[in-house]
Trainee: 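Sharing a structure with you now.
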Amino acid sequence: GITAENVAAEHQISREEMDAFALESQARAKAAIERVCIERPGERGCGLYLARAFEKTGSLSPVDEAQKQSCDEGNFTACMLFGQTLSVDRGRDETPVQKAARLEAAKAPLAKACDEGNRAIACFALSENYESQKGKVGSRQKRLEYLGKACRNHYGRACFELGKEH
């Protein structure tokens, strides 16, 4: 854009050099984010990074694996983020069977974050997971159970949704 051209002119570098620098800068930023999210999987911002990476690839990255391991070790924030990553809708790129398996896999880390870690957002995400399984035996009861837990942990949207259910 025009800003890049102005900066290039001001500092006497070519547009090609600016573009090359930008690409290198983006690659370094990505590597730094991955390094932080692998070393400290519950770190703020890692969940969004993981969800976007999972959307693009449809498979677990080293960061996802690190979050899963951290969840297994009792990091409830990592459990919540890992469960939310698995919950991200894949759209038309997945079959109903794949979607059901993915949502089923998301339940365990979300339940751990909700039940053991009292993470209201994880409780709400789990209630949404059960909402997507309407018609499955016991899904409405589980949805209400996790909405209640999220509401008791002061998650306003859960309280609103719970009120609509009754």
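Remember, predicted model here, so these are calculated numbers, not experimental data. Scope of the values below: all heavy atoms of this structure, side chains included, with no hydrogens, waters or symmetry mates.
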Trainee: Within the 4.5 Å heavy-atom criterion, are R119 and C114 side-chain neighbours or not?
Mentor: no
Trainee: Among residues two or more places apart or on two chains, list those pairs meeting salt bridge (charged side-chain N to carboxylate O under 4.0 Å, His left out) that have a residue in residues 70-83.
Mentor: K68-D72
Trainee: Q98 side chain to T95 main-chain N or O, any donor-acceptor pair under 3.5 Å?
Mentor: yes
Trainee: Looking at residues at least two apart in the chain, or sitting in another chain, which of them share a side chain to side chain contact (heavy atoms under 4.5 Å, CB included) with I121?
Mentor: M80, Q84, Y155
Trainee: Which heavy atom of A106 sits nearest to which heavy atom of G83, and what is that distance?
Mentor: CB-O, 3.6 Å
Trainee: With side-chain contact (heavy atoms from CB on, under 4.5 Å) as the criterion, how do C71 and K112 come out once you've worked through the C-alpha distance, each side chain's angles and the decisive distance to 0.1 Å?
Mentor: CA-CA 8 Å; C71 174; K112 186 172 186 173; 4.0 Å; yes
Trainee: Would you confirm whether S139, through its side chain, and Q133, through its main-chain N or O, come within 3.5 Å as a donor-acceptor pair?
Mentor: yes
Trainee: From K136 NZ over to L103 CG, what is the distance, rounded to the nearest 0.5 angstrom?
Mentor: 9.5 Å
Trainee: With sequence neighbours left out, what residues match R140 under salt bridge (charged side-chain N to carboxylate O under 4.0 Å, His left out)?
Mentor: E165
Trainee: Does the pair E104/K99 count as a salt bridge with the N-to-O cut at 4.0 Å?
Mentor: no
Trainee: E116 side chain to A113 main-chain N or O, any donor-acceptor pair under 3.5 Å?
Mentor: no
Trainee: Of the non-hydrogen atoms in L86 and A105, which two are nearest, and what is the gap between them?
Mentor: CD1-O, 3.7 Å
Trainee: Please round to the nearest 0.5 Å and tell me the distance separating atom SG of C123 and atom CG of N118.
Mentor: 7.0 Å
Trainee: Which distance, rounded to the nearest 0.5 Å, do you find between the CD of E161 and the SG of C151?
Mentor: 11.0 Å
Trainee: Taking salt bridge (charged side-chain N to carboxylate O under 4.0 Å, His left out) as the test, write out the residues that go with E128, two or more places apart.
Mentor: R143
Trainee: Considering only Ile, Leu, Val, Met, Phe, Trp and Tyr, and joining two whenever side-chain heavy atoms are under 4.5 Å apart, list the other residues clustered with L110.
Mentor: L126, Y130, Y146
Trainee: Look only at the side chain of N129 and the backbone of A125, and say whether a donor-acceptor pair between them is shorter than 3.5 Å.
Mentor: no
Trainee: Same cluster or not: L144 versus F124, using hydrophobic residues (I, L, V, M, F, W, Y) connected whenever any side-chain heavy atoms lie under 4.5 Å apart?
Mentor: yes
Trainee: Taking ring-ring contact (aromatic ring centres under 6.0 Å, His included) as the cut-off, I'd like each qualifying pair that reaches into residues 15-36, sequence neighbours left out, listed once.
Mentor: none
